[in-house]
Number of protein chains: 2
Amino acid sequence: MDSLREIMELASRPGVLSFAIGLPAAELFPREALAGQAARVIRADASSLQYGLPFQPLKRRIVELMALRGVRCTEEQIFLTSGAQQGMDLLSRLLLPAGGQVLLERAIYDGIRLATRLQRPEILAVETDLATGMDVDEVEARLAGGARPAFLYSITDGHNPLGVSLSLEKRRRLAGLARRHRMPILEDDAYGFLYYGETPAPPLRAFEEEWVFYLGSFSKILAPALRAGWVVVPPPLAARLSPLKHGADLDTPSLSHRVIAGYLEAGLLPGHLETLRGEYRRRRDAMLAALREELPPGVRWNHPASGMFVWAELPPGLDAARLLRTAVETESVAFSPGMIFCAGDPRGDRCMRLNFTSLPPERIEEGVRRLGRAIRAAMDAMDGRAAGSGRS
Amino acid sequence: MDSLREIMELASRPGVLSFAIGLPAAELFPREALAGQAARVIRADASSLQYGLPFQPLKRRIVELMALRGVRCTEEQIFLTSGAQQGMDLLSRLLLPAGGQVLLERAIYDGIRLATRLQRPEILAVETDLATGMDVDEVEARLAGGARPAFLYSITDGHNPLGVSLSLEKRRRLAGLARRHRMPILEDDAYGFLYYGETPAPPLRAFEEEWVFYLGSFSKILAPALRAGWVVVPPPLAARLSPLKHGADLDTPSLSHRVIAGYLEAGLLPGHLETLRGEYRRRRDAMLAALREELPPGVRWNHPASGMFVWAELPPGLDAARLLRTAVETESVAFSPGMIFCAGDPRGDRCMRLNFTSLPPERIEEGVRRLGRAIRAAMDAMDGRAAGSGRS
């Protein structure tokens, strides 16, 4: 099981109910509004299709959006990217020398490894508590022990793949460590607007302006194919990102930047976010209820307060990658095996990442039923093997 | 004068007639058709806004488009990028090790230097003949002398900044050298569809399939802000580009890919290309006539058969960067000084790149008139200084 791309292909077989990919709900895309904006901006102004400087009005709207997340920033601190992934790539090029150190959690979004691959970094891996997030004691011990990471990567809210959000106390401590050790933190907030309880704690960037470099994205809150994200960094850093983006893709505005700015100017996003949160909360609750109902004893999972994922652990002896193949073949249900996110760490072998945003509640229930059957069959087979080997 | 970005800012002052940037004519963008396609694809299919695999129907249409350029290829050889610049960036990451060699012309598009900057390559620079293109004798001598470039970069048609197209004989020889020396050629064909005479010779890729990696772009033939281009490479290479693009920006289709595919499926591109070629030919001819009419003796320039640029050389003693500042300030006219394209080569100091596609003929005539006055003033000042220093 090499990559998300391969999972995507397994999971996209006809008839398969897939919890594998972190897809937003396609039926909730504000298609009519975006179609109208796209046609309008193209008709209104030929410069919507032309080369130019990065699109300033979108930066203005992003400053307003960041205020909704409890982050104060200025237009000069906003750098527009082609999604959060490009933010990771450009910041890695800027901050990470060849062979430099990167501080990561053991289980983490695989895109950060892809973004840093060419530098062949030394990965310093720390644990994550499934209730409170990254092990900050371990971060502190590493730094005290002489580690000098080019940056620490954090998904503060709606962690991918673990679903956890960092506790308020850990946010404060981590921001303090960044400041004290002059250690950049790349804070990936792709899921931060998708919270399902009260207004959550603000991101790390709200606690530390100079050393936290914030990555935002319209992929999860508007639409992935718009390929638009942003970075919030000190202005001197934004100036250094521009030639890097110029070399990567010219750093000229895309049509999407104008479409999104139009959508934001029309004041449509807050209502859309309410819709997303309401519906995703319903789906999360449907998944948690179905997991309680349908999974055999011995499987454990957590209760995410934000984001798109539940993280589940199979009983000892089961292998998630092997389970995936049989689950697709016998029950037409798919998930992401944990090992994708846990490079070289055997603890991932027993884990599954389950997306709860891409299917409506009744399909989630049906999918979890199928998953329960697949797990029970795998457990029975294991017991059979154990009994068989006992007899031999 | 550090970068194109700075020139862009000078040239965009109100009232300035600018020949500085390689802008396509904004008033020729097929806005109505693209507005219709954008609204249609968003309304027709929610997957137009979703994550997914690279958009296969666009690859099919690009295969047809390549046939118009005399290149036979298959969908498996097409890799979609966010403009030709991203093709350069990804291929550089794949092919160029740190400190590796790159074979370039002395005067060349600055984006290739930006795309290779992080590898700190050893640049092997060769001359260019303004009538027949890259000095292939010099390339051959370099290779015979033991040079082992990671790749050679070629703009075969409508060279940026020189305006020249490579002669047929040189195309054959260069393709042969690539084959014999197993030397990759990055062929940047961003301007290849914009030719103003008979159908031109086909690109290098038509002469050599295995070692020529072709870079195409919709920026000059449709619209830059769609941020869409492609690469034609052997299929094993396309497979290796995908994880690199995944790390850079997720390698998921953008909305633009569907908009462009719709436009191509509607059969609209060939007619649009005819329009572009007709109008750009008129503009090129207007510029060449005005240069003859308005520039003082001692300035020389070439006659491009394709692309967007005329390359002009000032008389000895004049400095193009200094001329640009006074031309903007006193005559409100701008161009790109040659040094932008000639890193570390003093021959660029006396040269100007003049774009002829972005302004209508009457504005071109007015701009060249202003340029002629600015040059004459600079020559007078120089004569004055010479006379003055004679007196002192």
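Everything numeric here is computed off the predicted structure, so don't read it as measured data. Here is the naming used below: chain letters follow the sequence lines, and residue numbers restart at 1 for every chain.
- Side chains of Y153(B) and D188(B): a donor-acceptor N/O pair is present below 3.5 angstrom, by distance only.
- Here D249(B) is the residue among V259(B), D249(B), L222(B) with the most heavy-atom pairs under 4.5 Å with chain A.
- Highest contact tally toward chain A, considering only L34(B), L49(B), L90(B), is held by L49(B) [criterion: heavy-atom pairs under 4.5 Å].
- L255(A) touches chain B through backbone and side chain together, each having a heavy atom under 4.5 Å away.
- Residue pairs that meet the salt bridge (charged side-chain N to carboxylate O under 4.0 Å, His left out) test with at least one member in residues 86-99 of chain B, sequence neighbours left out, are D89(A)-R93(B), R93(A)-D89(B), D89(B)-R93(B).
- Residues T252(B) and R227(A) meet the side-chain proximity criterion, which asks for heavy atoms closer than 4.5 Å.
- Within the structure, every pair that satisfies the salt bridge (charged side-chain N to carboxylate O under 4.0 Å, His left out) test and touches residues 27-39 of chain A, not counting sequence neighbours, is listed here: E27(A)-R283(A), E32(A)-R43(B).
- For chain B, the nearby part of A44(A) is the backbone; its heavy atoms alone come within less than 4.5 Å.
- Ranked by non-hydrogen atom pairs under 4.5 Å with chain B, the options S256(A), A248(A), G36(A) are led by A248(A).
- For the set A115(B), S47(B), S92(B), G111(B), the count of heavy-atom pairs under 4.5 angstrom toward chain A peaks at A115(B).
- The residue among S48(A), A46(A), A223(A), G87(A) with the most heavy atom pairs within less than 4.5 Å of chain B is A46(A).
- The aromatic rings of F218(A) and W230(A) sit tilted relative to each other, their planes meeting at an angle between 30° and 60°.
- Checking R258(A), R40(A), R61(A) one by one against E265(A), the salt bridge (charged side-chain N to carboxylate O under 4.0 Å, His left out) holds for a single residue, R61(A).
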Q: Give the C-alpha distance, both sets of side-chain angles, the deciding distance and a yes or no for side chain to side chain donor-acceptor pair (under 3.5 Å) between N160(A) and Y191(A).
A: CA-CA 9 Å; N160(A) 179 7; Y191(A) 309 97; 3.2 Å; yes

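- Of the two parts of P24(A), the backbone and the side chain both hold a non-hydrogen atom closer than 4.5 Å to a non-hydrogen atom of chain B.
- Between chain B and the options V41(A), T116(A), I42(A), heavy-atom pairs under 4.5 Å are most frequent for I42(A).
- Of the residues L23(B), N355(B), L354(B), the one that meets the side chain to side chain contact (heavy atoms under 4.5 Å, CB included) test with M308(B) is N355(B).
- Contacts of K245(A) with chain B are absent, with no heavy-atom separation under 4.5 Å from either backbone or side chain.
- The parts of P243(B) that come within reach of chain A are both its backbone and its side chain, each placing non-hydrogen atoms under 4.5 angstrom from that chain.
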